[in-house]
Structures are given as structure tokens and as C-alpha cells.
Amino acid sequence: MRGENLTLRGMRNLLPDEKAKLNRVESEIRRLFNIYGFQEIETPTIEPLELFELKSGEEIRHRMYRFTDLGGREVVLRPEATASVTKLVVQEMRSIPLPIKVGYILNAFRYDEPQYGRYREFKQGGFEIFGTKSPLADAEILEVSSRLMDGLGIRDYYIKIGHEGVLRAVLTYFGVEEIVQDRVLGLLDKERLTEAFEILAPLPKGLEAVELIKSLWEIKSRNATEALKRAEMILKDIPEAIEQLNNLREIIELAQASGVSKLVVDMGFARGLDYYTGMIFEVYAKDLRIAVNGGGRYDKLASLLGWDVPAVGCSPGIDRISLVMDEKVVPRDDLVCMIVSMVKEGDIIAAKLAGTLRMRGVPTLVDYTRRDVSKALSYASKRNVKYVALIGGREVEANTIALKNMETGNQEELKVEQVVEKLSSYILKKT
RNA sequence: GCCGCUGUAGCGUAACCAGGCAGCGCGGUGGCCUGUGGAGCCACUUGUCCGAGUUCGAAUCUCGGCAGCGGCCCCA
């Protein structure tokens, strides 16, 4: 065992700096739960296999951590959160007044090849709204996604937005079955147009469908109005598609009204998860080629689980956001005091002082080592401690404490109460 | 699943191309300097990813494995 790497491929040990960044993302997400009225919930890490066989999409399904438990059940480590959360709402929250707004921060597992920003265990936040088809809800999901980026100091990002309903309406109009639709949309998602068109072409009205989707695919623009106008021209003979397009237009207008400014309309955009039915989006940041957040409307998923209720939501990737966030928003360690007792007789005073300071909320370290003063100071300096309280023979004798300011190097002889007073007011000033 | 790059002490690195004593920094432990030199000095600590091959001799060259990182694909 010794010397072997005991961490599994794709798993991570999180060191203090990394963990601090993740915590900062999580606290921003929780702050938004509060401001937008999402109630936080948690679901089991291990779920029955059937739950994800419903509508998770081929790609995710064959990358699940899957095993038989000791009771002979086929189980999986959740590969994503939406299905679990939907199940929770369907099973446990039927008596709650609609709309239901739930939030979560959960880990998920996928047996992918690890690479930059992709791990086999990763953490997702989530915002989900159940019980309304109103475009206001869709827009609010976009709004909260946007605020999350802003709140973490990320300026360089955009939201790619499309509409699965438009594409599905077009395919339905040309008589394509739903199962075939899933496959075609899956291929569009992978930008494998040729293969998608090969499936469509042999169908009765296949060639027309290919033509139309091809021209929709070409609409990608930062100018939403212009993009929507072009789409309207293309879709004008398909009323169902126009209806979906109007839904998208409304969502975009509402989102823009609430301050979402970084939308890029992409009419050919599809997502790998089969359960999306309406507006869909992904958030991209900096030069990262991977999405840091994704979501959309999924009105049919809940009914598969026993309750026909519409839903819209998103899942920010906490690990990925931490890769692009501004490090300046991450709070640093803020140790205020380290107490060094140089002689045994000082230990009681040190313990008393430490206890009092901590009760007052002053972050305090006690040096246990009886090492050289210079080594203790060196440690304090590396831990970024603001003050060091020294208690040696002389201080015990005089009933004082030598308080050294590590930034200025100044040192003063103070009574215990004066030290407590000074450090308490120091932390008050900081906040 | 495919492709590329890289594996030297706990961590970061040198020596690799051009084979010949594995060195340095950080850290850790112990000691010295009589309490602030946020140090210094001394000692100790620990290593060539694994396996085969070539060679008098391999960290170094060759092959295979494994791992890490990154890319494709896809997603968070």
C-alpha cells in the first residue's frame, strides 16, 4: 500500500485553497436561494437504476457508476441531479402550494475520461421551478444564472440560448416520431449534422425537414431580435413552431428586462438530456470550451414519475465555475491572534486568554510547541496571523501579555483585559 | 472509446538530448545560539512509477504496462 496512489482516477482530494474557492461558489448559490426564494433540499447519492433509465439520454446512461447492492437491487450513483430532485418533488411535495421552488447543492458521478474541468465526481448546484409554464419562470432561471456569474466577479461570459420546442415542432410537423427526434436532437447537440440528416432524409418528408433544420442551424447571433426575425421567416408555414418561437421571444424579452444582457441566440442548439421540451441554455465563461452551467424547461419529466407538472431549472457546475471565478472574491484565512506561552507557568494564562478571545469571536491559535520564539513567529507569519500574544517568565511575573503586531512589528505590554478589548474591537472594525 | 504530452524524496525541481558517485530548494524531525535575527548554523529524514530488453554499466536508450495531465467526443 505504501507509496501507491490511493486516490481513484477522476476523484480529487481538495486542498484548502481549492476548497475555499468551491465554498465561495456554494455560498453565492445559497445566497441566491435566499434572494429568489428557492428552498434547499437534498436527495440520496445512491438511486435505483430505473430512475435514470427514464429520460437521461444515452450518453449519460452508459457512463453511470452502476452496481448491484447486497440486497440484489440494481443501483447507481446519481449521474445528475434533475431526475432525483424531480422524483423528490413528485413523491414528497404534492401538498405544497404551487409553484414549488427548490434548490440544491449535490455531488454527482459519471465515468467519463477525466480532463480539464471534468472529474468523475463533481458538484452541481441547482435551481428548479415546478408548477408553471409561465415564461416569467424561464426568464427567472436565466436571471439567476446571470447573477451567479456577476456575484462571483466573472465578467467574461455568455449564455447560449435555444429552444428544443421549436426543433421538436418542426420534426413533428414533418411526421418524425419522438424516439427518432431524441436521436436527431442528440446528434445535433454533438454537431454531427451529417449523421442527423442521414436519419431524416429517407423519411417521407425528410428532405424538406433537412432543408429547414439546416437553415435554422445557421442562425447564431448576439442580436436576439434579428435572430428571431430570421427564424420567423423560415418557420412561417409551421404554426406550432411559430408558437414555440414566440415563447422563446417572450422569455428573452423578460430576461433582458430583468437585466440579463449576455444572451447569444442559437436556433440549432440542442442538449444531450432527452427530457428538455422548451427553452434550453448553457453558460460559457472566458475561453473555457466547456459549459459552466446548463438548463432549460422540462415539462414532461415529472409526469413520467407520476405527476404531470411543468418545470424549468438549471444546474451550475460548481467545480467549473471555480475554475473561472475571480480569485479576489475568495475570502482568505483571517486568523487574528496566536498565543505563545514560553514557560509552563504561562499555560493557564494562555488557555484563559484563548477561551475568552474565542468566545468573543476572535479567530485564535494557541502554539502548543514551546519552540523558539523566532520559530513561533515564523509559523505565525506563514499562517498570516495578525497579532502574536507572547507569555514568558517576565509577563507571568508582571501579570501582563506582550502583544506583537505582525504587520508593523510593534510590541506593547498589556493587561489581559486590554488584549481582549483591543482584539475584539479589531474584528468589529473589520466587518 | 480514441489521440498527444509527462512520470526523479512529502512537495517543487537538476542531471536525461550526448549512459558513468542522483544534486538543490521548500517541508518535517532533532540539536546549537540564555525571549522576537518573522532568522541563522549543524545533523538527520526521504527518491529515479512498474516490468522486460540493450549495455561492463540505465534516472538517461528501446519496448510493454500503469498513472497523471491535456485534446477529441460529450457533459457540470
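The shortest side-chain heavy-atom distance between A:Val75 and A:Glu47 does not fall under the 4.5 Å cut-off.
Atom-to-atom, OH of A:Tyr119 to C1' of B:C69 comes out at 11 Å; the value is rounded to the nearest Å. B:A76 atom P lies 9 Å from atom CG of A:Asn293, rounded to whole Å. One atom, CD1 of A:Ile401, and another, P of B:U36, lie 19 Å apart when rounded to the nearest Å. If you take OH of A:Tyr379 and P of B:G27, they are 13 Å apart, rounded to a whole angstrom. Between A:Gln115 atom CD and B:C69 atom P there is a gap of 11 Å when expressed in whole angstrom units. Rounded to an integer number of Å, the gap from CG of A:Leu403 to P of B:U36 is 17 Å. Distance A:Leu188 CG to B:C73 C1': 16 Å, rounded to the nearest Å. The distance from atom CZ of A:Arg118 to atom P of B:C72 is 10 Å, rounded to the nearest whole Å.
When distances are taken from the side chain of A:Ser374 to each of B:G35, B:U36, B:A39, the shortest belongs to B:A39. Here the side chain of A:Lys375 is nearest to one of B:U36, B:C32, B:A76, namely B:C32. For A:Arg9, the listed nucleotide lying nearest its side chain is B:G68; candidates were B:C72, B:G70, B:G68. Residue A:Val373 has its side chain nearest to B:G35 when only B:G35, B:A39, B:A76 are considered. Considering only side-chain atoms of A:Glu113, the nucleotide from B:A39, B:G35, B:C72 that sits closest is B:C72. Taking the side chain of A:Asp372 as heavy atoms from C-beta on, and the options B:A76, B:C32, B:C73, the nearest nucleotide is B:C32.
Under the 30°/60° scheme for interplanar angles, the aromatic rings of A:Tyr158 and A:Tyr284 are found to lie parallel.
Residue A:Ser315 places none of its side-chain N or O atoms closer than 4.0 Å to OP1 or OP2 of B:A76.
Defined by atom type and a distance below 3.5 Å, a donor-acceptor pair is present between the side-chain atoms of A:Glu128 and A:Tyr298.
Here the CG-CG distance, from A:Leu254 to A:Leu142, works out to 10.0 Å after rounding to the nearest 0.5 Å.
Nucleic acid contact class of A:Gly409 (heavy atoms, under 4.0 Å, all strands): base.
The residues A:Arg394 and A:Glu413 are annotated as not salt-bridged, no charged nitrogen and carboxylate oxygen being separated by less than 4.0 angstrom.
By the 5.5 Å and 30° criteria, A:Tyr116 is not stacked with the base of B:G70.
For the segment residues 331-343 of chain A, residues with any heavy atom less than 4.0 angstrom from an atom of RNA chain B are, sorted by number, A:Met342.
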